[in-house]
Structure formats: C-alpha cells, structure tokens
There are 2 protein chains.
Amino acid sequence: MLSQFKWMSMPQKQVKLIDIANKLNVSIGLVSIVLSGKSKERRISDELAAKVIETAKALGYRPNQLARGLRTGKSGIIGLLVADISNPFFGKMARYIENEAAKLEYQVMFGSSDENPEKLENLVNMFASRQVDGMIIVPVFQSESFLLSLQEQSIPFVFIDRYCEGVDEDAVVSDNYLGSYQLTSLLIKKGYGKIAAFANDLHLSNIKDRMHGYTTALKDSGLNYPVEDFIFEVDFDQLDTRLEAMLKQALENGCDAFFFANNKLGISSLKYFDKVGLTIPEDIGIVCFDNPEAFQVAKPGITCVEQPIELMCAKAINILSRKIEGKTESKPERISLPGKLIVRESC
Amino acid sequence: MLSQFKWMSMPQKQVKLIDIANKLNVSIGLVSIVLSGKSKERRISDELAAKVIETAKALGYRPNQLARGLRTGKSGIIGLLVADISNPFFGKMARYIENEAAKLEYQVMFGSSDENPEKLENLVNMFASRQVDGMIIVPVFQSESFLLSLQEQSIPFVFIDRYCEGVDEDAVVSDNYLGSYQLTSLLIKKGYGKIAAFANDLHLSNIKDRMHGYTTALKDSGLNYPVEDFIFEVDFDQLDTRLEAMLKQALENGCDAFFFANNKLGISSLKYFDKVGLTIPEDIGIVCFDNPEAFQVAKPGITCVEQPIELMCAKAINILSRKIEGKTESKPERISLPGKLIVRESC
DNA sequence: TTGTAGGCGTTATCAC
DNA sequence: GTGATAACGCCTACAA
C-alpha cells in the first residue's frame, strides 16, 4: 500500500553528536573527542572509544562540516578558478588538482572566469565568502588591482598557468618561452622562412612568454622581417568571425608556416586550412603550443609542446597547502616547468 | 624598510555583522535584516538601510556562508559527481552545470568517480557531510544499493548521462537508443555488412541503450549474424593493453565497419587504424557516439551523434532545484533528449 | 521601527 | 578520564 508512495517518503533527520551521546549516556564532548581521533591524546579508554565509534557508524553519523568549519575556521575546501572548465586543458588541470587535493582531504569548488576580470572577481568573492581555505587561480587580463587587494586578505592563493604582472605571488607555469622557442626553431630548421604567430590575448603572461620564445627564435636564426606584421591576435569570442580573415591575410603576406599559441587557435585553423585545400606540411608548416587529443588524430599529426599539467598541479597544491598551514617563510616564487616537445608530421 | 617584508604582512581579520553594527551603534540583528534584503518587509527606514549597506561595503563585509549555512540549513552548494572531469564530455557538462547553477546562486563542487562505486560513495558522503543542497550524479556500475540508501536521506539528487536500474530517481540522459540506431542504420545503408560494436562497460544504462540501438538496427535491416561475436567490451583502464587485440580480432572476424559507443574508444581506435594502414571509409566504415573535437579534425571527419549536453544540464538543474525547494509532487521521471546526427566522411 | 536572545552542530577550555 | 559550557557568525522569533 505504502510502497507506491516510496518516492515521497519523508526526509530523515541528520544524526548528530548529541544523538550518539544520548544513546550511550555520555557527554557530547566525549563523543566529539573520540570521533575526531583524539582518543589517545586525551586518554579515553579503548572500550569506550570503540563503543562510540561503533554506534556512530550504526547510526550513520556524518559530521556537519559547516558547523565544524565555523568552529575551526577551516572549511576543507579549495577553490579552483580557471578560464573555462570545458577547455580540455583546464579540464585536465581540474582533474589533477582534484587528485592532489584529495590526498590532503580537501574538496574542490571550481569556477570559470571566461577571461573576464569581473567574473573572476565575483567568483573569488563568492569563494572567499564560503571560507575556502585557499585558491588556485588562473589570473586574467586586468585583474591586477583586484588580486592585489586579495593579497591583503587572509586567504592564501597561488597562480597557475600564468602569473600576474604586478602581483608578487607564487605561480607555477609551464616553460612557455622554451617550448615556443623550440617549436619555432623547428619550423625554421625545416626551411620555412615566413612564420606567422597566432595568439588569443597578448596581455597574458603565458602568451607573452610564448611570443617572446617565437621572436627570439627568429632573431637567433638571423631571420629578419617586421615581426609585428606576423603576429596576429584573435580573441576567443571572435574566433569564428575573425580567425579566417586573419589566416587569409597571413597567407597573403606570404607566410608559409604558423605557430599557434594555444590549442583552440590551432584546431580552428586546421579546419580552415582543410577547407581551403592547403596541404600540410607541403604548402604550410604548423606547430602549436599544447597537445589536445585532436592533434594526434589529425592527419598529419601536429607537432606541439605538451604541458606538464600534472606536475604543475602537484606543485601548486604543494605550495598552497604550505601557505594554508602558515609555514611560508620564503618569498613568493615563479616556478616554470618545461613541457615535452612532441614532433609529428606537420612540419 | 618594511616594504621588503610585504609578502609576510599579517592577515586581516574578517569583518562581520557586529563590526558594522558597532560602527553604526545599531544592533546586530538590524544589520542582518538589512543585509539579507529584508529591509522592506521589516520596514526599516530607508536612510538607515542605506547607511548599513554603505558601511558594509566600506568595511568590505562578506557574509560567512558557513555560519549562514549552519543557521539556515542551506549551504548554497551543489555537488557534481562525474566519472572523470578531464574527459571533455564531462568537462562540458561541468561548464553547463556551472552556468545553470550560477543563475540560481549556487556554487558547484565536483568529484570524479573513475567509474568506481567505492570512490563514488566516498565522494557522495563527503559532499553530504558538507551539506550540499543537492547533487547531480553520474551513477556507476554496482552503486545501486548505495544510491538506494542515499534516497532514504534528506538530500535531493538527480542522475545525469545515465540512469540507475533499480533506483527510481529522476534522470536526464540523451537518447542513446535513437542515436545508436541512426548511426548503425547509416552504416548499413552505406553497404557495410559486418558491423562490430565497441563499448566500455555493458552494464551502464547508457551503454546498454546504445547497444540496443545497434542490435535493433541490425535486426530491422534483416542483417543476421551472431551479434554476440561482434560486440566487444573494453574497460577504460585496459584501453592501451586490450583495445588493439580486440580491434584485430574484429577485423579477422571479417568486420568491415565499427560502431564505437563513446569518444575515447573511437579516438583510440582511430590511431590504431592509422597505424595499421587501414583507410576510411574505403577499407572500413566508422561511426561513434559523442562528438569530441578530434572528430572534426580527423581525416576523414568522423560521423557521429552529438549529445545535447547543454539541454541535459539545464533540465537536470531545473529538476534538482525544484526538489531542493521541496515542491516535487510528481513521480521521478527519466527524461531522454535526442542528440544531433552529424554526418561526415567516415562511412 | 529596532533590540534581545536563543540556537544551528562542533570544538576547545576548563573544572571535576 | 570525563562532563559542562562557552564560543564560531549568523538568522529569526519575540519583545519593546
């Protein structure tokens, strides 16, 4: 009779410390001590401790982390702020952060800024409001002032993927300069003479470093042309509308090779080249920073640099947890980890 | 002198209700009322309200959501439990969930189960412990009993991507049957006669439905061969070691076309086919459920079904928020949303 | 229209 | 060894 209404069965009240205290006729404090694993140092008798633990399990007790957090001042949550969680690069980052955080018993909350400083600020404020113990932040253009003010507050954070000019805070990034230098040099070695560079936002530290690697490789090879004419900037939100036009222009400028500063640009351009019937690597050479799955499947495979995401995340969490525990006597540092050059057939 | 020690400047104490109450010589309750936007209904004078809001802003007040949550019983957090956040499919899902949740002022916490029921259970328990207001769950094989027990508790949840046999709870999935039927039918129409199907875990509801679409399409076309010999199951963690062997066996069995039940299988197989020099679509035909970026870039492009992830997420959050608000008079339902068939050149 | 006080579930500091 | 009791920061009857 009742079973057909099972789906509207009443919520069960959460069991709390006092419930198990009552059941055992002991004080609530005692239960708290035992369940937070301090039986030994408080010298609670083994049998009592065992009984407490047992009935806690029997009753299905689950500590209320809100209450615990309020009392202890630690939420056990880490905030991850990326540009866009649906970008596979950040997706992988989220996964590794999750893994590393779990080892330290942290849960992770995430947010996507869409490279928008207001969104980032909002998210950071929300996270702070939720008392996250720390944050891992991918800073965006024009967020300096806000991030500076964040430093004044008590909540620790570390940058990842890019650092923020003017904000002296720990950061762990891949070696954008080196990777780009290698990629560009390879293009040159293969005989390409006019190499265009495409980037999304020339203000970002990682992109700057990539561009620096590109220009330096050109200079070192004695290649000499007005580099400004060969660097193209395309915002992600203009990708569909403007990318093709710029690609076309680069081609008209006589470019015979392309260095893409991130996976999205690379992938979108691939489609364009296919559409207009350019063959790679004969007509044009291609290299790209970052190694999405598409580059392995593409024909020819795309030569690229794979970022050491896992290592970056481990390092970031490591630094962050030390900061959270307050043992950070050292000055902030910028850690730059080398990626892996993956040579395929696109140049 | 001091500036060089800026990086070790002292944390600032969080400003709270009482701070702004003191500053204004009003009671803390008054401040609370104003800041939670209840000035009107409590008929607080406009000027007082304005003053409160102003100094709150001036002092940089940020409500402590732990305290608020403890008091109100709502954390404002939604838990998202996927198989693996680094899988682009789930990454996109996370993004849309984030967007939808933000509209309702929810933050989202995520966790990856790796298709492992113990991990899922742990994560769900942690989330419950953190008092999430609700969860969106991608159920995994052998999690029925645990999920049933979760139903007994007061925390609302909804399934996404797959439902869970034996657990009568709301679920929103893509129309796995239909998509697979279309894909398989297309293969048949193109003249392929022996079609193998590859899947990761035949126990999962979505995979089951995909297999059902595949087998039904075969039957409807009068194709008659021992289907059991043409269905291959490869776990994700065996991908590298076993996939190739199975692909090889399928080929030896005379298969001339392949239906892949998810993007990972499809992408990995593509690499194999390339390695052994099979040309698509001449030697073999290929279709796949799900539309990762790689399939657009691959040559030839891979025919596939794109899942309506955005719609699924909107629906899921919609249902969940109604449940959270307690207005759910209806029985749980399983919503199945059709995807989009994308025909490319792989068959 | 505003102030007071109790309590949300825990932890921690005391006494006993 | 164990048990009261006071916070943590906020909300919300209920008084005034």
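The sequence lines fix the lettering, A, B, ..., with proteins before strands; numbering per chain opens at 1. As the structure is a computational prediction, the values presented were derived from the model and not from experiment.
Panel note: side chain A:Asp114, backbone A:Asn116; no donor-acceptor pair is recorded below 3.5 Å.
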Could you go through A:Arg162 and A:Glu115, starting from their C-alpha distance and side-chain angles, then the distance that decides it, and tell me whether this counts as salt bridge (Lys or Arg N to Asp or Glu O under 4.0 Å)? CA-CA 12 Å; A:Arg162 15 210 228 226; A:Glu115 304 283 2; 2.5 Å; yes
Residue pair A:Glu100, A:Lys103: steps toward the salt bridge (Lys or Arg N to Asp or Glu O under 4.0 Å) verdict: CA-CA 5 Å; A:Glu100 295 296 324; A:Lys103 291 181 194 164; 3.2 Å; yes
Working for side-chain contact (heavy atoms from CB on, under 4.5 Å), residues B:Val173 and B:Ile160: CA-CA 6 Å; B:Val173 303; B:Ile160 197 165; over 6 Å; no
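The C1' atoms of five pairs define one axis at each end of the helix from C:dT1-D:dA16 to C:dC16-D:dG1, and these two axes lie 50° apart (to 10°).
A:Phe159 pairs with exactly one of A:Leu81, A:Asp170, A:Val172, A:Leu147 by the side-chain contact (heavy atoms from CB on, under 4.5 Å) rule, that one being A:Leu147.
When the C1' atom of D:dC10 is taken as reference, atom CD of B:Gln65 falls 10 Å away, rounded to whole Å. Protein atom CG of B:Asn25 is 9 Å distant from nucleotide atom P of C:dG3, rounded to whole Å. Separating the NZ atom of A:Lys40 from the C1' atom of D:dG1 is a distance of 13 Å, rounded to the nearest angstrom. In this entry the distance linking NZ of A:Lys51 with P of D:dG1 reads 15 Å, nearest Å. Going from atom CZ of B:Arg43 over to atom P of D:dT12 covers 19 Å, rounded to whole Å. One can place CD1 of B:Ile20 at 16 Å from P of D:dG9, the figure rounded to the nearest angstrom.
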Under 3.5 Å, sequence neighbours excluded: what are the donor-acceptor pairs made by side chains of residues 127-138 of chain B?
residue  : atom : partner  : partner atom : Å
B:Ser129 : OG   : A:Pro63  : O            : 2.6
B:Arg130 : NE   : A:Gln107 : OE1          : 3.4
B:Arg130 : NH1  : A:Ser75  : O            : 3.0
B:Arg130 : NH2  : A:Gly76  : O            : 3.1
B:Asp133 : OD1  : B:Ser75  : N            : 2.9
B:Asp133 : OD2  : B:Ser75  : N            : 3.4
B:Asp133 : OD2  : B:Gly76  : N            : 2.7

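B:Lys323 is listed as a side-chain neighbour of B:Glu169, based on a closest heavy-atom distance under 4.5 Å.
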B/S/- contact track for nucleotides 9-16 of chain C, protein heavy atom under 4.0 Å: BBBBBB--
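Residues A:Ser112 and B:Glu98 bring a donor and an acceptor atom of their side chains to less than 3.5 Å of each other.
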